[in-house]
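Values in this document were obtained by computation on a predicted structure and should not be read as measured data.
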Amino acid sequence: MMWRTAKSYKLYEKRLKEPEAQFKGNYPEWRLLDYWGSTYTSRILFGCFYVAFYIIFATHWWLFLLLPIHFLMGPVQGAIVNWCGHKYGYANFNNGDKSKNTTPFDFFMLGELFQNNHHKRPNSANFAAKWFEFDPVYPIMRVMHWIRLIKLREAYL
């Protein structure tokens with residue numbers, strides 16, 4: 001599944017494939033930023049930034065052992081969300097796909113494992129839908145909205 005997702009992403013990245021209708025529009029597109037973020041140059045520069053950050057701020061040599069976590073946390077988190085979120089758990093909605101919610105492990109992924117809810121309401125800031133589900137990032141986003149750091153909008157279906 002991860003290999004298929006990577007190949008599919010490459011097609012979207014190169015604009016050879018269009019996203020499904022429910023995932024199109026109502027979000028900003030920054031083509032130059034998308035292009036730059038997908039280059040090996042940007043990836044190498046981010047790696048150098050992480051190493052430089054450690055060189056400047058690490059107080060002990062063993063802290064450099066945390067660098068692999070920084071390098072791998074994005075791909076690992078993405079793999080967990082896209083694998084577990086479509087394989088394990090329960091579904092609140094019949095979305096016509098295999099998306100699932102994986103509570104209680106969702107808390108560790110900060111709401112990202114509410115895949116079934118997210119597929120039903122992709123533009124909602126709150127990924128929780130049932131009374132027993134909790135998206136830990138949503139209250140933070142509400143505070144950021146309240147202090148006018150971000151602007152939340154009403155989700156549409």
Side-chain angles (χ1 to χ4, degrees), residues 1-13 15 17-31 33-34 36-38 42-43 46-47 49-50 53-54 57-58 62-157:
M1 180 176 175
M2 292 184 302
W3 185 251
R4 188 173 58 226
T5 302
K7 286 184 0 184
S8 181
Y9 176 76
K10 277 290 183 197
L11 292 174
Y12 294 130
E13 177 187 13
R15 309 280 183 194
K17 183 178 179 184
E18 287 292 317
E20 298 169 24
Q22 71 262 28
F23 298 117
K24 289 184 77 171
N26 293 314
Y27 51 83
E29 282 195 65
W30 299 306
R31 290 185 136 183
L33 184 62
D34 289 341
W36 169 250
S38 298
S42 72
R43 294 171 186 167
F46 269 106
F49 169 76
Y50 284 133
F53 186 88
Y54 275 80
F57 294 107
W62 59 266
L63 291 172
F64 284 87
L65 298 175
L66 298 174
L67 269 172
I69 294 172
H70 268 117
F71 293 140
L72 296 173
M73 67 183 172
V76 169
Q77 190 267 354
I80 290 169
V81 168
N82 285 306
W83 178 260
C84 295
H86 292 89
K87 186 160 178 73
Y88 305 110
Y90 63 94
N92 289 331
F93 307 103
N94 182 7
N95 297 326
D97 58 20
K98 295 179 180 178
S99 62
K100 302 203 181 333
N101 298 326
T102 314
T103 304
F105 300 106
D106 174 74
F107 190 79
F108 297 112
M109 292 288 119
L110 300 176
E112 293 288 324
L113 280 175
F114 288 133
Q115 285 292 293
N116 183 254
N117 298 349
H118 170 63
H119 284 216
K120 178 67 175 177
R121 295 180 272 195
N123 295 300
S124 176
N126 187 1
F127 286 173
K130 300 287 185 179
W131 68 269
F132 58 88
E133 297 172 342
F134 177 68
D135 180 351
V137 174
Y138 184 64
I140 297 166
M141 291 173 69
R142 295 286 305 165
V143 168
M144 292 169 71
H145 173 80
W146 184 68
I147 64 172
R148 292 180 166 52
L149 187 60
I150 64 172
K151 182 174 171 136
L152 291 176
R153 59 187 171 147
E154 292 296 319
Y156 66 91
L157 300 178

Peer 1: Heavy-atom distance under 4.5 Å between the side chains of Glu112 and Gln77, does that happen here?
Peer 2: yes
Peer 1: Residues two or more places apart in sequence or in another chain: which of them pass side chain to side chain donor-acceptor pair (under 3.5 Å) with Lys10?
Peer 2: Glu13
Peer 1: Heavy atoms, side chains only, cut-off 4.5 Å: are Asn101 and Asn117 in contact?
Peer 2: yes
Peer 1: Considering residues at least two apart in sequence or located in another chain, which fulfil the side chain to side chain contact (heavy atoms under 4.5 Å, CB included) criterion with Trp146?
Peer 2: none
Peer 1: Excluding sequence neighbours, so at least two apart, what forms ring-ring contact (aromatic ring centres under 6.0 Å, His included) with Phe53?
Peer 2: Phe57
Peer 1: Test of understanding: with side chain to side chain contact (heavy atoms under 4.5 Å, CB included), list the residues that count as partners of Asp34, not counting sequence neighbours.
Peer 2: Arg15
Peer 1: Rounded to the nearest 0.5 Å, how far apart are CZ of Arg43 and OG of Ser38?
Peer 2: 6.0 Å
Peer 1: Under 3.5 Å, sequence neighbours excluded: what are the donor-acceptor pairs made by side chains of residues 134-145?
Peer 2:
residue: Asp135; atom: OD1; partner: Val137; partner atom: N; Å: 3.1
residue: Asp135; atom: OD2; partner: Phe127; partner atom: N; Å: 2.9
residue: His145; atom: ND1; partner: Leu152; partner atom: N; Å: 3.0

Peer 1: When rounded to the nearest 0.5 angstrom, what distance separates NE2 in His119 from CG in Asp97?
Peer 2: 5.5 Å
Peer 1: Which distance, rounded to the nearest 0.5 Å, do you find between the CZ of Phe93 and the NE2 of His118?
Peer 2: 13.0 Å
Peer 1: Do you know which two heavy atoms are closest between Leu113 and Met109, and how far apart they sit?
Peer 2: CD1-CG, 3.7 Å
Peer 1: For Tyr12, what residues pass the side chain to side chain donor-acceptor pair (under 3.5 Å) criterion, not counting sequence neighbours?
Peer 2: none
Peer 1: Quick one: CE on Met73 to CD1 on Ile80, what's the gap to the nearest 0.5 Å?
Peer 2: 12.5 Å
Peer 1: With sequence neighbours excluded, what pairs up with Leu66 under the side chain to side chain contact (heavy atoms under 4.5 Å, CB included) test?
Peer 2: Tyr54, Leu63, Ile69
Peer 1: Do any N or O atoms from the side chain of Ser42 and from the backbone of Trp36 form a donor-acceptor pair under 3.5 angstrom?
Peer 2: yes
Peer 1: Output all residues satisfying side chain to side chain donor-acceptor pair (under 3.5 Å) with Asn116, sequence neighbours left out; order by chain, then residue number.
Peer 2: Ser99
Peer 1: Does a donor on one side chain and an acceptor on the other come within less than 3.5 Å for Asn92 and Glu133?
Peer 2: yes
Peer 1: Kindly write out the residues that satisfy salt bridge (charged side-chain N to carboxylate O under 4.0 Å, His left out) with Lys87, not counting sequence neighbours, or none if the list is empty.
Peer 2: none
Peer 1: Mind checking what makes side chain to side chain contact (heavy atoms under 4.5 Å, CB included) contact with Phe71, not counting sequence neighbours?
Peer 2: Tyr50, Val51, Leu67
